[in-house]
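Here is the structure we will look at.
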Amino acid sequence: MKNSFVVNIIHRPELSPEYSKKVAGKGVEDESLGIFIFQQDAAHRYGLKTTIQLTYASLFSDEIIELAKRHHEEYGDEIGLSLLGLPCEQFKERYKTEDFCIWMFDDETKREIIDDVFSMFFDKFGFYPESTGSYFLDAYTINYIKQNYPSVKCAIATCWEEGPKAYHTCNNSWYTFMDGGPWNPWIPSKVNSHCPASSLEDDSGIVAIPHLSRDLIACFDGNGSNFGTHPQNVLRGMIYYEDGGGYEYPYLYNLIDQYRHLGKYNNGYSYNMMFVGPGWLNKSGRWEAPYELLAKSYDDAMRYYGSLKERGELMDMTMSEFADFYRERHPDYSEGECALWKDILYGSGKQYFWYASPFMRTCLDFNQGGAMIDLRPYAARLPQRTGIGSDNVYDASYPYLIQANYRAGFFTHYAGAGTVKSCRVKYHGEEADLCLCRTMARFETLEDGVRLTADPVTVKLDGLEIVLQSVFTFVKSSGELITSRRILNDLHGKEVVIEEYFTGAFGTTEYQADMSNITLSAGGETQKYAYLGRKIVATGAKIAKVTIPEVETEIEMGGDVDEAEAAEGIAFSPVYHMNLRRTLSEGEVITWLRLRKAN
């Protein structure tokens, strides 16, 4: 299949006087309209079409309405409708609120706002939009929009990894979490917009795109606001240098190219988006960068996309065009989205593999031997409500089972307390964890899934060298990961123990909810979690299992092993453990991990 790299260029005229008063300061007159025109001109100068997402405030501007109509006719730009940019004077007067995030209102107000802005849009243009969006759109909002405004086929629906890290880097003032969703386009489930739809019946009727295309290592490990194909993010991250009086930012181009590279793992298809509000190009400058540098970086980004298009290496699409393209290229709901991502910023040699399907989202860290450092149970299809009147007023994140940044990982202050899935090798009272073994991986597409094969690593225990290779197979149409640990060298009959382990928790932040409802089992024995550090060790058993009612998830780990164990933690270390062990002198240990929705 032909390689296809698609870009969405999305602009929105915000026209928000509060921006000048509260952010730019010093009584600076609002310049949003002029900046929006600059952005549009930059894209058109390099032969790129855009999607114009009109905000609530901009629907009151005859000038913007006429400009959007003209650019639609002249350049083929799409006129869409954004649910960002709500807090103008007209909105505040009508709704008597300082709130502005559509997903944080109660359901009745969500419906009222949607009907208000969509009817205003129709009054101005004589048709309903085919695209919309916000930083986050919950399933309730998407379902309501699709039911009442069926023309909508594409929406910006989440901002990747905007969770506790974003909160902390905003001085603990950014009270909106939306962590745990896909990093690339997906078709949202009717039940939870984070989850890719599993079938036609589960299909919400739209194609969702992320708010920004992020660096899938730097953003996960640190502050995502510094690492995106949004040029002003790169400036905020100070990832540029001065060269002969000018400024250069090769990281921006490398990041775009990294997204182009993802076609290798997704049947030739790759995607990128650029969505920059006018506030980022304020004439007063931002992020210690003058306006001249802000404007230059934006123009240079457009020039780079334009050069790719000229060479036939990029297709610029509007959001609705992309929705049609995506559905054509993704007829199979069960097909996972893949990203084998390397560090292009720090030169660390790290490599992450991201995988998202209707059953799970997960990340394997090959800097830690292929350890699983993030796991979200999409198979649970949590019917999560958000907004005022719900249990999640501001926390719209999809829960994790493993999250190495929020609940530590292998490297913890208190040994064994961190969430991670990895492997230990034991011999003569000594042991080594593959989390300490750096490696790299190769990717293969199979008929029934995808496979990652890690380069061999060597551990030395009591003078015995053991060469191990890890192979990870994600099985299509299931929430199953098969892991093989192969012994590649001759141990001369000496036996070692391979222990596959899973240390888990659940939640959306660093803080653990009560675990008393968790059930652990192995070998037919079951116990409720009681913070007593108890273990069920079942010789001859092949499966360990944990059920977590709070996230409606059942986790099974099994394989061709000699012993299975399920264990609880203590109050100081609120995690649970599943361990599978096999003793051997040659060959391999094959285990599997399965996620299911708990009844």
Next on the checklist: Checking Trp103 against Thr176: is there a side-chain donor and acceptor pair closer than 3.5 Å?
Outcome noted: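 Thr176 vs Trp103: donor-acceptor pair found between side chains.
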Checklist entry - Is there a donor-acceptor contact under 3.5 Å linking the side chains of Asn171 and Ser173? => result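 Side chains of Asn171 and Ser173: no pair found under 3.5 Å.
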Next on the checklist: Does the plane of the ring in Tyr269 sit parallel, tilted or perpendicular to the ring in His330? Use 30° and 60° as the thresholds.
Outcome noted: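 The arrangement is perpendicular - the two ring planes meet at more than 60°.
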[Y] backbone acceptor or donor facing [X] side chain under 3.5 Å:
X      : Y      : answer
Glu480 : Arg594 : no
His194 : Ala396 : yes
Asp215 : Gly228 : no

Next on the checklist: Whether Arg361 and Glu161 form a salt bridge (side-chain N of Lys/Arg under 4.0 Å from carboxylate O of Asp/Glu) is what I want to check.
Outcome noted: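 Salt bridge: yes.
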Checklist entry - Is Arg327 salt-bridged to Asp203, going by a charged N under 4.0 Å from an acidic O? => result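 Looking at Asp203 together with Arg327, the answer is yes, because their closest N to O distance falls below 4.0 Å.
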Checklist entry - Do Tyr167 and Tyr175 pass the ring-ring contact (aromatic ring centres under 6.0 Å, His included) test, and can you show the C-alpha distance, the side-chain angles, and the key distance before you say yes or no? => result CA-CA 7 Å; Tyr167 172 71; Tyr175 277 88; 5.2 Å; yes
Item to check | Over 12 non-hydrogen atoms of neighbours within 6.0 angstrom of CD in Glu108 | outcome: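 Atom CD in Glu108 is not crowded, with 12 or fewer foreign heavy atoms closer than 6.0 Å.
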Next on the checklist: Within a 6.0 Å radius of atom CZ on Phe100, are there more than 12 heavy atoms belonging to other residues, nucleotides or ligands?
Outcome noted: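 Not buried by this count: 12 neighbours or fewer within 6.0 Å.
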Next on the checklist: Please enumerate all residues that pass salt bridge (charged side-chain N to carboxylate O under 4.0 Å, His left out) together with Asp343, with sequence neighbours excluded.
Outcome noted: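 Listed in chain order: nothing, the list is empty.
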Checklist entry - Does Glu510 reach the side chain of His168, with side-chain heavy atoms less than 4.5 Å apart? => result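 Yes - at least one pair of side-chain heavy atoms lies under 4.5 Å apart.
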Item to check | Glu499 and its side chain to side chain donor-acceptor pair (under 3.5 Å) partner, picked from Arg485, Arg582, Arg581 | outcome: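 Going through the options one by one, the only one that passes is Arg581.
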